[in-house]
Amino acid sequence: MLEKLYSMNGKVCAVTGGSSGLGSYMAQGFLEAGATRVYITARSQDKLEAKAEELSALADGECIAISGDLSSIKGIQALTNELKENEKHIDVLVNNAGIGTGGLFADMQPEVWDMTMDLNLRSPVFLTQALLDLLKAKATYEDPARVIFTSSVAASENNTQVMAYSTSKSAIEKMTPLLALALCDDHILVNTIAPGAFYSEMTRNTWEDPDRLQSLIERIPAHRFGELEDIAGVAVMLCSRAGSYFTGEVLNLDGGHRLTFG
Ligand SMILES: NC(=O)c1ccc[n+]([C@@H]2O[C@H](COP(=O)([O-])OP(=O)(O)OC[C@H]3O[C@@H](n4cnc5c(N)ncnc54)[C@H](OP(=O)(O)O)[C@@H]3O)[C@@H](O)[C@H]2O)c1
């Protein structure tokens with residue numbers, strides 16, 4: 001039974017921000033669980049193609065790169081068009097591309113606020129909307145399609161240094177049950193993963209600095225950063241038979257990090 005529970009055999013998936021970090025970990029998990037095709041997207045084409053080649057070599061399924069900027073509606077439409085040219089349906093959409101912004105409130109620039117909201121909040125909403133036909137195409141009660149959003153432990157934290165980022169991620173969490181209800185009759189399950197500190201490009205400045213790494217690890221109850229297996233495992237669970245009774249849920253994948261906020 002276990003093999004069937006966590007199998008993604010035959011699935012077609014799309015993972016935004018798949019060229020590095022969490023997106024690449026989830027894409028790898030899907031391929032190793034048997035997905036037939038996993039599309040990964042990001043802006044930098046060279047990096048994206050190198051990652052697609054690397055991941056394709058790990059399993060029988062194919063990892064395919066589609067480059068583009070998802071912070072604009074035009075970029076969302078371009079990705080949608082390309083996916084529609086290639087596929088008649090999609091089983092899994094992971095809205096993961098995101099930007100981490102921060103700084104003092106007094107210095108906050110409207111451009112930075114907009115950039116954060118455009119990529120972290122508007123893009124996942126309207127990419128999901130644009131791909132609804134593909135998500136609905138093969139979805140059934142027995143085998144629903146899945147949409148996953150990537151929030152952050154920052155949504156649970158009152159850190160004034162990351163106001164725009166936290167607000168964008170909180171909004172994703174608020175939207176999760178709303179979208180789950182809106183899409184339930186289309187047999188689409190909607191859930192959010194809220195990661196804590198993971199190794200990725202976004203957190204490089206922290207984990208490359210031994211003092212910052214040590215002080216953060218001391219604060220996290222699990223006493224370590226999150227790794228590939230941590231998020232790949234949860235993403236595969238949510239997108240396989242094992243997770244098919246979850247919808248409208250936010251899964252805090254943070255080693256207990258949020259419990260330490262005062
Ligand atoms: N790492 C953590 O500890 C952590 C914790 C909580 C939440 N998160 C969330 O996890 C998600 C992934 O972050 P990560 O940590 O894995 O960071 P990462 O390694 O920097 O990956 C970000 C990905 O998004 C892509 N991307 C960035 N801007 C884009 C744009 N405008 N259009 C399309 N793609 C874009 C990047 O590629 P290009 O730059 O080439 O476009 C890359 O593939 C984000 O939503 C982040 O907020 C991360």
Side-chain angles (χ1 to χ4, degrees), residues 14-29 38-52 54-55 63 65-80 82 94-102 111-112 114-127 148-157 159 162 164-173 192-208 212-213 216-217 219-220 222 224-228 230-232 234-235 250-255 257-258:
V15 181
T16 72
S19 64
S20 71
L22 277 54
S24 68
Y25 305 157
M26 290 187 269
Q28 180 172 339
V38 178
Y39 292 87
I40 57 172
T41 84
R43 289 165 304 176
S44 159
Q45 190 159 355
D46 291 352
K47 236 179 115 184
L48 188 66
E49 280 173 2
K51 183 55 74 175
E54 179 195 322
L55 296 186
C63 187
I66 303 181
S67 64
D69 186 344
L70 287 179
S71 63
S72 71
I73 294 293
K74 213 170 132 197
I76 290 170
Q77 205 48 59
L79 171 60
T80 304
E82 207 158 335
V94 181
N95 289 293
N96 164 79
I99 186 172
T101 52
E111 299 75 28
V112 175
D114 287 349
M115 187 172 66
T116 313
M117 296 302 161
D118 288 352
L119 185 63
N120 293 3
L121 181 57
R122 184 178 70 177
S123 141
V125 176
F126 289 100
L127 182 61
I148 294 182
F149 295 101
T150 311
S151 175
S152 166
V153 68
S156 305
E157 188 181 18
N159 180 348
V162 289
Y165 182 70
S166 290
T167 304
S168 70
K169 297 298 189 180
S170 276
I172 286 289
E173 294 191 5
T192 288
I193 300 175
F198 273 71
Y199 292 103
S200 78
E201 289 309 313
M202 194 180 276
T203 53
R204 182 178 283 281
N205 285 345
T206 304
W207 53 262
E208 276 193 346
R212 287 182 69 185
L213 179 63
L216 188 50
I217 279 177
R219 271 185 50 209
I220 299 171
R224 65 175 179 86
F225 259 46
E227 296 169 15
L228 185 157
D230 297 306
I231 194 155
V234 170
V250 175
L251 288 88
N252 291 294
L253 182 62
D254 64 359
H257 195 165
R258 78 201 173 287

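Below, all heavy atoms of this structure are taken into account, side chains as well, without hydrogens, waters or symmetry copies. A quick note: this is a predicted structure, and the numbers were derived from the prediction, not measured. Numbering of ligands and ligand atoms starts at 1, following listing order.
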>> Parallel, tilted or perpendicular, judged at 30° and 60°: which one describes the rings of Y199 and F225?
In response: tilted
> Hey, which atoms in ligand 1 end up nearer than 4.0 Å to a heavy atom of A197?
Replying inline: 3 (O)
> Who pairs with R224 by salt bridge (Lys or Arg N to Asp or Glu O under 4.0 Å), at least two apart in sequence or on another chain?
Replying inline: D230
>> E201 versus ligand 1: do any nitrogen or oxygen atoms come within less than 3.5 Å of each other?
In response: yes
> Any N or O of L70 that comes nearer than 3.5 Å to an N or O of ligand 1?
Replying inline: yes
>> Please work out, at 4.0 Å between heavy atoms, whether the side chain, the backbone, both, or neither of S151 comes within that distance of ligand 1.
In response: backbone
>> Does any N or O of ligand 1 fall below 3.5 Å from an N or O anywhere on L119, backbone included?
In response: no
> To which protein heavy atom is atom 31 (N) of ligand 1 closest, and what is the distance rounded to 0.1 Å?
Replying inline: D69 OD1, 2.8 Å
> Among W207, F149, Y165, which one has a heavy atom closest to atom 8 (N) of ligand 1?
Replying inline: Y165
> Counting only heavy atoms, which portion of T203 has something under 4.0 Å from ligand 1: side chain, backbone, both, or neither?
Replying inline: side chain
> Which atoms of ligand 1 sit under 4.0 Å from any heavy atom of N96?
Replying inline: 10 (O), 11 (C), 12 (C), 44 (C), 45 (O)
>> Any nitrogen or oxygen of T41, side chain or backbone, less than 3.5 Å from one on ligand 1?
In response: no
> Sequence neighbours excluded, which residues qualify as side-chain hydrogen bond (donor to acceptor under 3.5 Å, both in side chains) partners of T206?
Replying inline: R212
> If we ignore angles and hydrogens, is there a donor and acceptor under 3.5 Å between the side chains of T150 and N96?
Replying inline: yes
>> I need the nearest protein heavy-atom contact for atom 4 (C) of ligand 1: residue, atom name and distance, please.
In response: G196 O, 3.7 Å
> Do S24 side-chain atoms and S19 backbone N/O form a donor-acceptor pair below 3.5 Å?
Replying inline: no
> Does any N/O atom on Y199 come nearer than 3.5 Å to any N/O atom on ligand 1?
Replying inline: no
> Of all the atoms in ligand 1, which lie at a distance below 4.0 Å from a heavy atom belonging to S200?
Replying inline: 1 (N), 14 (P), 15 (O), 16 (O), 17 (O), 19 (O)
> Any idea which atoms of ligand 1 are less than 4.0 Å away from a heavy-atom of G68?
Replying inline: 32 (N), 33 (C)
>> Below 3.5 Å, N or O to N or O, backbone or side chain included: is there any such pair between L22 and ligand 1?
In response: yes
> Side chain, backbone, both or neither: which part of K169 comes within less than 4.0 Å of ligand 1 when only heavy atoms are counted?
Replying inline: side chain
> By number and element, which atoms of ligand 1 are closer than 4.0 Å to a non-hydrogen atom of S44?
Replying inline: 40 (O)
>> Within the 3.5 Å criterion, strictly below it, is a donor on E173 or S151 matched to an acceptor on the partner's side chain?
In response: yes
> What do you reckon, does G100 put a non-hydrogen atom under 4.0 Å from ligand 1?
Replying inline: no
>> Judged on heavy-atom distance to atom 9 (C) of ligand 1, which of T150, V15, T16 sits nearest?
In response: T150
> Counting both backbone and side chain atoms, is some N or O of S152 under 3.5 Å from an N or O of ligand 1?
Replying inline: no
> Going by distance only, is there an N or O of P195 that falls short of 3.5 Å from an N or O of ligand 1?
Replying inline: no
